[in-house]
Amino acid sequence: MTDPQTLRAVEAVLFAAAEPLTPDSIRAHVGELDVRGALAALVGHYEGRGIRLVERGGRWHFETAPDLAHLLRRDREEVRRLSRAGIETLAIIAYHEPVTRAEIEAIRGVQTAKGTLDVLMEAGWVRPAGRREVPGRPLMFATTPEFLSHFALKSRRDLPGIEDLRAAGLLDPVDLAFEQLAVEKTDEDD
Amino acid sequence: MTDPQTLRAVEAVLFAAAEPLTPDSIRAHVGELDVRGALAALVGHYEGRGIRLVERGGRWHFETAPDLAHLLRRDREEVRRLSRAGIETLAIIAYHEPVTRAEIEAIRGVQTAKGTLDVLMEAGWVRPAGRREVPGRPLMFATTPEFLSHFALKSRRDLPGIEDLRAAGLLDPVDLAFEQLAVEKTDEDD
Amino acid sequence: MDAPPEQLTLDLDGWEGPLDLLLSLARAQKVDLREISILALVEQYLRYVERARVLQLELAADYLVMAAWLAYLKSALLLPRDPQVEPDPEELALRLQLRLERLDAMREAGARLMARDRLGRDVFARGAPEGLRTVRTGPYEANLYDLIAAYGRISARSRPVMHVVQDREVMTLEAAIARVSALVGSAIDWRAIETFLPDMASAGLRRSALASSFLAALELARQGRVELWQEEAFAPLYLRAPAA
């Protein structure tokens with residue numbers, strides 16, 4: 001049972017924060033208390049209310065309940081619409097990260113317009129993530145914690161259908177998948 | 001007894017609002033519901049929690065509980081480095097003390113921000129040292145015993161003189177290489 | 001199953017390249033991509049491209065490259081299999097199918113991602129958070145070197161600046177013209193330009209004298225008072241008095 005003072009403290013800090021917080025950064029404000037216990041208790045407490053406490057990529061924040069969206073949407077700017085190229089590129093990065101531009105293009109079958117990655121980075125959803133140690137040392141891209149919070153994902157494991165896609169080999173490069181199939185074929189022939 | 005759906009709706013609208021809301025503007029979002037009843041119920045609900053619902057001049061908003069305000073501000077103990085302006089100002093005071101702010105600015109060739117002297121006094125290295133008996137009676141500044149002990153100096157006479165600085169090459173930084181010629185010329189003229 | 005290609009509008013802007021078009025054609029067949037007939041798909045693509053050409057629509061080069069490749073694949077699939085031919089057409093067809101499956105999977109994933117409860121569209125963060133502040137406290141740090149280096153910097157900056165340009169020995173163009181015209185006199189033999197330079201000179205002065213003498217030679221040649229001869233670029237330059 002979490003001490004009510006701890007609960008209050010964690011609740012206040014999360015409420016006041018302008019962005020999602022990790023348990024460590026919460027602890028930096030409230031001191032050495034049972035932050036994880038308090039988070040769990042608060043999640044339960046807000047169950048079914050107009051606001052809820054959620055974890056996104058290890059960081060916690062309060063947000064409004066999704067079923068109330070219709071009450072809140074009015075006089076708010078529409079979230080910027082991504083182009084189809086933008087959506088596909090974002091999905092490829094999220095499901096394959098870290099991934100190079102050439103790998104993105106191999107999947108999409110077209111060159112990536114310069115602006116496409118810029119838009120995703122400007123939105124704060126994608127970041128450069130080091131270089132692949134192959135000739136040319138191409139830059140790799142990965143998603144950010146903001147990506148997880150924006151799309152209500154607890155972690156990348158929460159990406160819709162990612163386990164099924166992985167199991168079906170659809171996240172493997174074509175070459176690898178082809179070799180896999182060739183091996184299975186040989187086995188059957190034996 | 002307020003309907004739980006009304007409670008949720010009012011709670012979410014207040015949470016997401018960028019500014020305090022009147023009951024009428026809440027109603028504009030949630031429709032013709034018992035907003036006042038919901039507000040009263042919510043005030044009761046958040047009693048004693050980390051956040052509370054308050055009314056100010058007919059407008060309602062959530063805020064963190066006043067007794068927890070200290071948590072929102074975190075003091076972090078760390079060693080701080082002086083800015084370039086700070087170290088230059090300190091050097092001028094050490095070499096020329098007692099010295100007025102106008103004299104510091106004349107030597108540095110740039111205005112000294114008020115904060116710069118404050119930082120040096122906060123660090124305990126500089127103190128006000130009387131007033132210069134000229135029109136305006138400007139405040140003079142001098143170093144403190146803490147200054148000497150921090151820089152491991154027995155007295156101000158231990159500070160290297162101009163000739164020592166020149167010998168150490170500290171008077172001709174790379175970007176001032178051209179002045180080297182002028183300096184040599186002056187020496188020859190002596 | 002026969003999906004009529006007429007259902008497709010010939011809107012080229014609608015597709016992001018040939019693979020995208022192929023995927024749209026494949027989806028129109030409404031079968032699992034793993035079951036799809038690559039041969040039927042190839043024929044649809046080729047029909048599409050042919051139609052576009054009949055309508056004289058401009059097709060981007062990559063559509064035509066894909067069409068050529070698919071035409072090759074089609075003929076390879078239709079002809080009796082020659083085990084000597086590499087790559088195996090079945091393999092090519094399978095690779096194309098795998099690519100379509102992957103693009104399809106990502107397109108599906110993108111759509112599901114966009115349909116989630118999105119922050120700022122479906123769910124909202126607190127509108128006016130108080131914000132958290134971190135106030136830094138603690139001792140200041142600076143060392144003696146920083147201090148005296150700063151003073152050196154200020155002293156160097158505030159010292160009066162005087163620029164001195166050292167005198168360099170030079171030969172003026174006028175001097176060179178006088179010297180070359182006097183020395184060339186009425187010489188009838190070719191003499192290298194270097195023989196017109198003063199002997200004593202420092203390396204700096206010799207360079208200046210050479211440059212000036214060269215200009216002098218050009219000027220004198222223009223006036224018809226000297227003749228110049230050079231075998232090729234960068235070869236020695238010779239001067240003599242003009243033949244009378």
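Proteins come first, then strands; the chains are lettered A, B, ... in the order of their sequence lines, and each starts at number 1. What you see is a predicted model, and the numbers here were worked out from it, not measured in a lab.
- Looking at C:E108, neither its backbone nor its side chain comes within 4.5 Å of chain A, counting heavy atoms on both sides.
- Of the two parts of A:V13, the backbone and the side chain both hold a non-hydrogen atom closer than 4.5 Å to a non-hydrogen atom of chain C.
- With chain C as partner, the option from A:Q111, A:R108, A:H61 having the largest number of non-hydrogen pairs under 4.5 angstrom is A:R108.
- Checked by atom type and distance alone, the side chain of C:R121 never pairs as donor or acceptor with a backbone atom of A:A69 at under 3.5 Å.
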May I have the list of side-chain donor-acceptor pairs in residues 168-175 of chain A shorter than 3.5 Å, sequence neighbours left out?
{"from": "A:D175", "atom 1": "OD1", "to": "C:R95", "atom 2": "NH1", "distance (Å)": "2.5"}

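- Among the candidates C:L22, C:L19, C:D122, the residue making the largest number of heavy-atom pairs closer than 4.5 Å to chain A is C:D122.
- Within the 4.5 angstrom heavy-atom criterion, only side-chain atoms of C:L94, from C-beta onward, approach chain A.
- Between the side chain of C:R116 and the main chain of A:F151, a donor-acceptor pair closer than 3.5 Å is present.
- Proximity to chain C is absent for every atom of A:I51, based on heavy atoms less than 4.5 angstrom apart.
- C:E16 places no side-chain N or O within 3.5 Å of a backbone atom of A:V110 that could act as its donor or acceptor partner.
- One N or O on the side chain of A:H150 and one on the backbone of C:L119 form a donor-acceptor pair closer than 3.5 Å.
- Contact annotation for A:A28: neither backbone nor side-chain heavy atoms come within less than 4.5 Å of a heavy atom of chain C.
- Using a 4.5 Å cut-off between heavy atoms, C:R34 does not touch chain A at all.
- For chain C, no part of A:D164 is nearby; none of its heavy atoms comes within less than 4.5 Å.
- Summarising the geometry, atom CD1 belonging to A:I107 is positioned 8.5 Å from atom CZ belonging to C:R102; distances are rounded to the nearest 0.5 Å.
- Residue A:R56 does not touch chain C at all, counting heavy-atom pairs closer than 4.5 Å.
- Neither the backbone nor the side chain of A:I162 comes within contact range of chain C; no heavy atoms are under 4.5 Å apart.
- Only the side chain of A:L165 comes within less than 4.5 Å of a heavy atom in chain C; its backbone stays farther off.
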